Amino acid sequence: MNLSNNESNEPSFWRGPAGMALATAALIAGFYLLREHWGHVLVYWPYLLLLACPLMHLMHRKGHGGHGSHSQDSGRTHNDRK
């Protein structure tokens, strides 16, 4: 039986001690960086928020799976729906 990388029993890097330490250090560094430069971030906040909208839309569409793959509509076509 061949196991793919997704089915192996080994935990991912981020669930191990080194991954947790790196993630914690990144969060702490991000907090202090944001705290020191809050005045600069505040100026660009409306633009960053507007940029986030299309980016979130693209991310959502990529993982959506397409229309027509709904379990309740599996036996119907577009013409059969009412």
Side-chain angles (χ1 to χ4, degrees):
M1 180 166 110
N2 294 332
L3 295 175
S4 68
N5 290 339
N6 293 339
E7 296 175 358
S8 67
N9 291 331
E10 296 179 25
S12 70
F13 171 76
W14 295 108
R15 294 201 181 258
M20 290 290 186
L22 184 64
T24 302
L27 282 172
I28 292 170
F31 170 76
Y32 282 113
L33 185 69
L34 186 64
R35 186 171 178 230
E36 291 296 320
H37 297 282
W38 184 246
H40 304 294
V41 173
L42 207 56
V43 173
Y44 296 110
W45 187 251
Y47 302 112
L48 292 172
L49 189 62
L50 287 174
L51 181 64
C53 293
L55 289 176
M56 287 186 339
H57 178 72
L58 289 174
M59 299 276 180
H60 175 72
R61 299 270 303 169
K62 186 173 268 192
H64 191 265
H67 297 285
S69 63
H70 304 288
S71 62
Q72 63 188 1
D73 297 337
S74 61
R76 296 188 199 172
T77 63
H78 289 293
N79 294 334
D80 294 337
R81 294 186 190 148
K82 292 188 178 191

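Residue numbers start at 1 and run along the sequence shown. This is a predicted model, so every value here is computed, not measured.
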### Query
Which ILVMFWY residues are connected to Met20, directly or by a chain of links, through side-chain heavy atoms under 4.5 Å apart?
none
### Summary
His40 meets the side-chain contact (heavy atoms from CB on, under 4.5 Å) criterion, sequence neighbours left out, with His37
### Summary
Going by chain and number, the hydrophobic cluster around Phe31 (ILVMFWY, side chain to side chain under 4.5 Å) further includes Ile28, Tyr32
### ILVMFWY cluster membership beyond Leu22 - transitive side-chain contacts under 4.5 angstrom
Phe13, Trp14
### Task
Taking all non-hydrogen atoms of both residues into account, name the closest pair between Leu42 and Pro46 and its distance.
O-CD, 4.1 Å
### Query
To which residues is Leu49 joined in a hydrophobic cluster, defined by side-chain heavy-atom contacts under 4.5 Å among Ile, Leu, Val, Met, Phe, Trp and Tyr, whether direct or through other members?
none
### Summary
Sequence neighbours excluded, the answer for side-chain contact (heavy atoms from CB on, under 4.5 Å) partners of Leu51 is Leu55
